[in-house]
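Below: one structure, written as structure tokens.
Counting starts at 1 for both ligands and their atoms, following the listed order. Every heavy atom of this structure was used, including side-chain atoms; hydrogens, water molecules and symmetry mates were not.
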Amino acid sequence: MSLLVFGERGQVGIDMQRQMGPDAPFLLLGRDRADLANPDACADLIAKARPAVVINVAAVRDETLAAKDEDYAMLVNGTAPGRMAEACAQIGAPLVHISTADVFDGSGDVPWTPKDTPGPLNALGRSKLVGEEAIRRAGGAHVILRTSWVVSAHGDNFLTLLLKRAAQETRIEVPSDQISAPTSAYDLARAAQISAIRVLEDKSLSGTYHYQSKPHVSLSNAAREIIAVAGLSCEVIDVETRGAIPKPLNTRLECILTETQLGLRSPDWRRGISYILNDLGQTV
Ligand SMILES: NC(=O)c1ccc[n+]([C@@H]2O[C@H](COP(=O)([O-])OP(=O)(O)OC[C@H]3O[C@@H](n4cnc5c(N)ncnc54)[C@H](OP(=O)(O)O)[C@@H]3O)[C@@H](O)[C@H]2O)c1
């Protein structure tokens with residue numbers, strides 16, 4: 001299988017490279033070779049490379065950046081995946097694309113199913129939803145995997161930022177009203193590759209799926225558990241979510257379809273966290 005991946009240096013891109021053997025027939029492109037702010041160039045790359053399957057893990061994921069420059073976020077998260085999907089449809093290659101639970105408005109306390117109606121609260125969620133819609137409109141085989149709270153040993157994410165603060169401060173405030181589950185980039189990278197194989201084998205599996213670890217947990221309780229497992233002794237204070245950018249509070253995802261159709265089970269996030277802490281050389 002020849003595989004073309006957009007998003008070489010992101011959390012998921014890095015972990016995907018770790019999973020590929022040295023002889024794996026895949027090409028991973030970073031921003032230097034494939035800038036998603038130039039959607040036509042990304043489509044041209046697909047047309048020239050003619051891969052069997054394409055995975056897109058590149059995206060603007062910074063809510064502040066997306067709020068400041070929504071046009072840019074729309075280009076990268078909305079237009080580019082749509083043009084990629086059109087190019088994929090033309091050569092008959094499925095597209096696997098990572099999206100977010102933040103396409104939902106976060107109301108209620110039950111997990112969102114793939115059939116629920118999205119209603120993003122902020123610019124980032126809106127741009128990701130536009131990307132999803134453009135992929136579906138392109139008409140080719142695709143798997144859209146929505147997820148949440150992606151964590152890894154690389155770069156800035158909830159876990160690495162938490163550990164930095166917990167090592168320096170004695171008490172930190174963490175929202176207790178956001179409920180979801182941390183999903184390891186390593187597990188997500190693997191899920192994207194398995195989805196690619198499944199949809200390549202059977203294009204009728206094309207559709208929108210949810211992939212999230214289990215069990216669901218509040219952000220503050222996840223923080224407590226991570227701090228304890230890392231052997232740190234910082235107190236976590238429950239607070240309400242605040243800030244200029246509205247955030248969906250309930251981003252629990254129901255993942256039954258993903259298990260029955262794609263054969264992907266939701267991993268336990270505590271296991272994923274242990275692996276990441278091992279990667280970081282923390283006590284576990
Ligand atoms: N992180 C989360 O909590 C979270 C939650 C839900 C869904 N997701 C989704 O999961 C996927 C992977 O996210 P992640 O956590 O791995 O994010 P990440 O670590 O920020 O990686 C995103 C990658 O996208 C690249 N990128 C950004 N703008 C680009 C552009 N104009 N052209 C080319 N590449 C560009 C970045 O390149 P540079 O390295 O050059 O900046 C980075 O390598 C994304 O689709 C994201 O929306 C993430």
Main-chain N/O of P118 paired to D105 side chain as donor or acceptor, under 3.5 Å:
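A pair under 3.5 Å: no.
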Using a 3.5 Å distance criterion without hydrogens, assess whether the side chain of D15 forms a donor-acceptor pair with backbone atoms of Y186.
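Flag set: sc D15 to bb Y186 pair under 3.5 Å.
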Specify the closest pair of heavy atoms between R50 and S2, including all atoms of both residues, with the distance to one decimal.
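That would be O-OG, 4.2 Å.
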What are the two closest non-hydrogen atoms of A153 and D279, and how far apart are they?
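Result for this residue pair: CB-CB, 3.8 Å.
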Which residue, V96, V12, L28, forms the side chain to side chain contact (heavy atoms under 4.5 Å, CB included) with I55?
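Going through V96, V12, L28 one by one, the side chain to side chain contact (heavy atoms under 4.5 Å, CB included) with I55 is satisfied by V96 alone.
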Treat each ILVMFWY residue as a node, draw an edge where side-chain heavy atoms are under 4.5 Å apart, and state whether V236 and L162 are in one component.
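Same cluster.
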Hey, what polar pairs (N/O, under 3.5 Å) does ligand 1 make with protein?
unit_1: ligand 1; atom_1: 3 (O); unit_2: V150; atom_2: N; d: 3.0
unit_1: ligand 1; atom_1: 15 (O); unit_2: Q11; atom_2: NE2; d: 2.9
unit_1: ligand 1; atom_1: 16 (O); unit_2: Q11; atom_2: N; d: 3.2
unit_1: ligand 1; atom_1: 16 (O); unit_2: V12; atom_2: N; d: 3.2
unit_1: ligand 1; atom_1: 17 (O); unit_2: R61; atom_2: NE; d: 3.1
unit_1: ligand 1; atom_1: 19 (O); unit_2: Q11; atom_2: N; d: 2.9
unit_1: ligand 1; atom_1: 19 (O); unit_2: R61; atom_2: NH2; d: 3.4
unit_1: ligand 1; atom_1: 20 (O); unit_2: R61; atom_2: NE; d: 2.7
unit_1: ligand 1; atom_1: 24 (O); unit_2: A59; atom_2: N; d: 3.0
unit_1: ligand 1; atom_1: 24 (O); unit_2: A59; atom_2: O; d: 3.3
unit_1: ligand 1; atom_1: 28 (N); unit_2: R31; atom_2: NH2; d: 3.4
unit_1: ligand 1; atom_1: 31 (N); unit_2: D35; atom_2: OD1; d: 2.9
unit_1: ligand 1; atom_1: 31 (N); unit_2: Y72; atom_2: OH; d: 3.0
unit_1: ligand 1; atom_1: 32 (N); unit_2: D35; atom_2: OD1; d: 3.3
unit_1: ligand 1; atom_1: 32 (N); unit_2: L36; atom_2: N; d: 2.8
unit_1: ligand 1; atom_1: 40 (O); unit_2: R31; atom_2: NE; d: 2.9
unit_1: ligand 1; atom_1: 41 (O); unit_2: R31; atom_2: NH2; d: 2.9
unit_1: ligand 1; atom_1: 43 (O); unit_2: G10; atom_2: N; d: 2.8
unit_1: ligand 1; atom_1: 45 (O); unit_2: I98; atom_2: O; d: 3.1
unit_1: ligand 1; atom_1: 45 (O); unit_2: K128; atom_2: NZ; d: 2.8
unit_1: ligand 1; atom_1: 47 (O); unit_2: K128; atom_2: NZ; d: 2.9

